[in-house]
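Working notes, beginning with the structure itself.
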Amino acid sequence: MEMGSQIKTLLGTLPVAPGSSITGNKPSTFDYDDSGLSVAGSSSSSRASSPLSWLKPGKCVAIDCEMVGTGPGGKISELARCSIVNYRGDVVYDKYIKPELPIADYRTRWSGITKHSLKNAISFKTAQKEILKILKDKRVVGHALHNDFRALKYFHPHSQIRDTSKISLLKKNAGLPEKAGVSLKTLALNLLGKRIQVGRNGHSSVEDALASLELYKLVEDQWEEELCSHFQLETSTSAETSGVSDNDHYMDDRYWPADLNDDSK
């Protein structure tokens, strides 16, 4: 029971640090308090709290990033916009970011980024600092999050990642092969009945973050229970394995003092 409680505490995470940056370069209809959470906004999320009492809504956010191409042939993906929404679906961060290298391809068809978009963009270093402060100690929801974290040059704790592209429950509910890759657009249409990423102006990172959050909530209770059981088993197995290793092999030469091994040769 004590181990289970520790796992639940780990998954629940800690509060966001005061002073998080939450204002964007674009006009916003949201008001924010010092905690980094919006106090009023367009809550498109279906519920405001988790069905599991030990999962705290304030410790969960959803993120989506848009990238542009830099370097030779525009093949390097660099961060150009980042949007984060809280558990209620309110936007807590939405800013354009200036890449560190010269832009070779705006990828507007997919990213929605144009030269004008980045006119008042903030530096990558500034954005990275602001974003990581919000993500710290949070369950982070998103789709194919490895792409977002790569653009942020950041590694989030594995136990705190909720990647909708890897949730087999979602694929199963959508009637799709569990091992097959699936797009956020497909999941949103099949499970939420929503058409996203359909305009000519490219993707909206706010829209994508909200879609990921809604998909996560569809299976949150079952998925979190499974994750809790998984981490409990993993921790228990690890403890048992570490206790057996040395005892089973204590007679091996490598466990004897070096001078005894030398004398026996």
Side-chain angles (χ1 to χ4, degrees), residues 1-22 35-37 45 49-65 67 77 79 82-88 92-93 97 124-170 184 205 208-242:
M1 292 295 291
E2 182 178 353
M3 183 178 297
S5 177
Q6 292 175 348
I7 296 296
K8 292 179 180 180
T9 299
L10 172 65
L11 294 175
T13 68
L14 303 173
V16 63
S20 297
S21 175
I22 37 65
S35 69
L37 297 179
S45 180
S49 61
S50 170
L52 301 175
S53 61
W54 49 273
L55 286 176
K56 300 178 181 179
K59 311 303 185 293
C60 178
V61 295
I63 187 174
D64 187 73
C65 297
M67 277 70 82
S77 293
L79 186 65
C82 179
S83 302
I84 302 174
V85 298
N86 64 18
Y87 192 88
R88 295 194 304 269
V92 297
Y93 190 94
I97 298 115
F124 173 78
K125 291 296 183 183
T126 298
Q128 184 189 49
K129 183 177 180 180
E130 294 173 349
I131 295 165
L132 299 194
K133 178 179 278 190
I134 296 175
L135 300 187
K136 187 177 186 298
D137 299 320
K138 296 288 197 305
R139 298 193 312 282
V140 178
V141 178
H143 196 82
L145 281 168
H146 60 280
N147 293 321
D148 301 296
F149 293 148
R150 184 186 299 121
L152 285 165
K153 300 180 180 180
Y154 169 69
F155 291 96
H156 198 67
H158 179 68
S159 63
Q160 299 288 51
I161 294 174
R162 304 295 183 267
D163 194 329
T164 54
S165 72
K166 298 181 179 179
I167 306 179
S168 58
L169 285 172
L170 288 176
L184 179 62
S205 47
D208 288 355
L210 286 169
S212 295
L213 179 65
E214 291 189 59
L215 287 168
Y216 165 70
K217 287 184 177 182
L218 289 179
V219 294
E220 179 184 9
D221 49 354
Q222 185 177 350
W223 194 27
E224 291 294 346
E225 289 285 10
E226 288 181 5
L227 283 175
C228 183
S229 299
H230 171 74
F231 285 123
Q232 265 187 290
L233 179 62
E234 194 175 68
T235 302
S236 176
T237 302
S238 177
E240 292 175 2
T241 303
S242 62

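Just so you know, these numbers come straight off a predicted model, no measurement behind them.
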Rounded to the nearest 0.5 Å, what separation is found between the [atom1] atom of [X] and the [atom2] atom of [Y]?
X      : Y      : atom1 : atom2 : result
Arg150 : Phe155 : CZ    : CZ    : 9.0 Å
Thr164 : Leu145 : OG1   : CG    : 7.0 Å
Tyr87  : Leu213 : OH    : CG    : 7.5 Å
Asp221 : Glu226 : CG    : CD    : 10.0 Å

Can you name the nearest heavy-atom pair linking [X] to [Y], along with the distance?
X      : Y      : result
Leu170 : Leu215 : CD2-O, 3.5 Å
Cys60  : Val141 : SG-CG2, 3.8 Å
Leu152 : Leu79  : CD2-CD2, 3.6 Å
Ala209 : Asp64  : N-CB, 3.9 Å
Val92  : Ile134 : O-CD1, 4.4 Å
Gly58  : Lys138 : O-CE, 3.3 Å

Validation row: [X], [Y] side chains within 4.5 angstrom (heavy atoms):
X      : Y      : value
Arg139 : His156 : no
Ile63  : Tyr93  : no
Arg162 : Glu224 : yes
Lys59  : Asp137 : no
Ser77  : Asn147 : no
Val140 : Ile161 : no

Does Ser83 have any side-chain hydrogen bond (donor to acceptor under 3.5 Å, both in side chains) partners at least two apart in sequence or in another chain, and if so, which?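 Asp94, Ser205.
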Tell me, please, which residues at least two apart from Asp148 pass side-chain hydrogen bond (donor to acceptor under 3.5 Å, both in side chains).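 Here no residue qualifies.
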[X]: partners by side chain to side chain contact (heavy atoms under 4.5 Å, CB included), with sequence neighbours left out:
X      : answer
Ser168 : Glu178
Leu132 : Gln128, Leu135, Tyr154
Ser165 : His143, Ala144, Asp163

Could you give me the CA-CA distance, side-chain angles and deciding distance for Ile131 and Ile84, then say whether side-chain contact (heavy atoms from CB on, under 4.5 Å) is met? CA-CA 8 Å; Ile131 295 165; Ile84 302 174; 4.0 Å; yes
Residues that Lys129 engages under salt bridge (charged side-chain N to carboxylate O under 4.0 Å, His left out), provided they are two or more places apart: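 Result, salt bridge (charged side-chain N to carboxylate O under 4.0 Å, His left out) vs Lys129: none returned.
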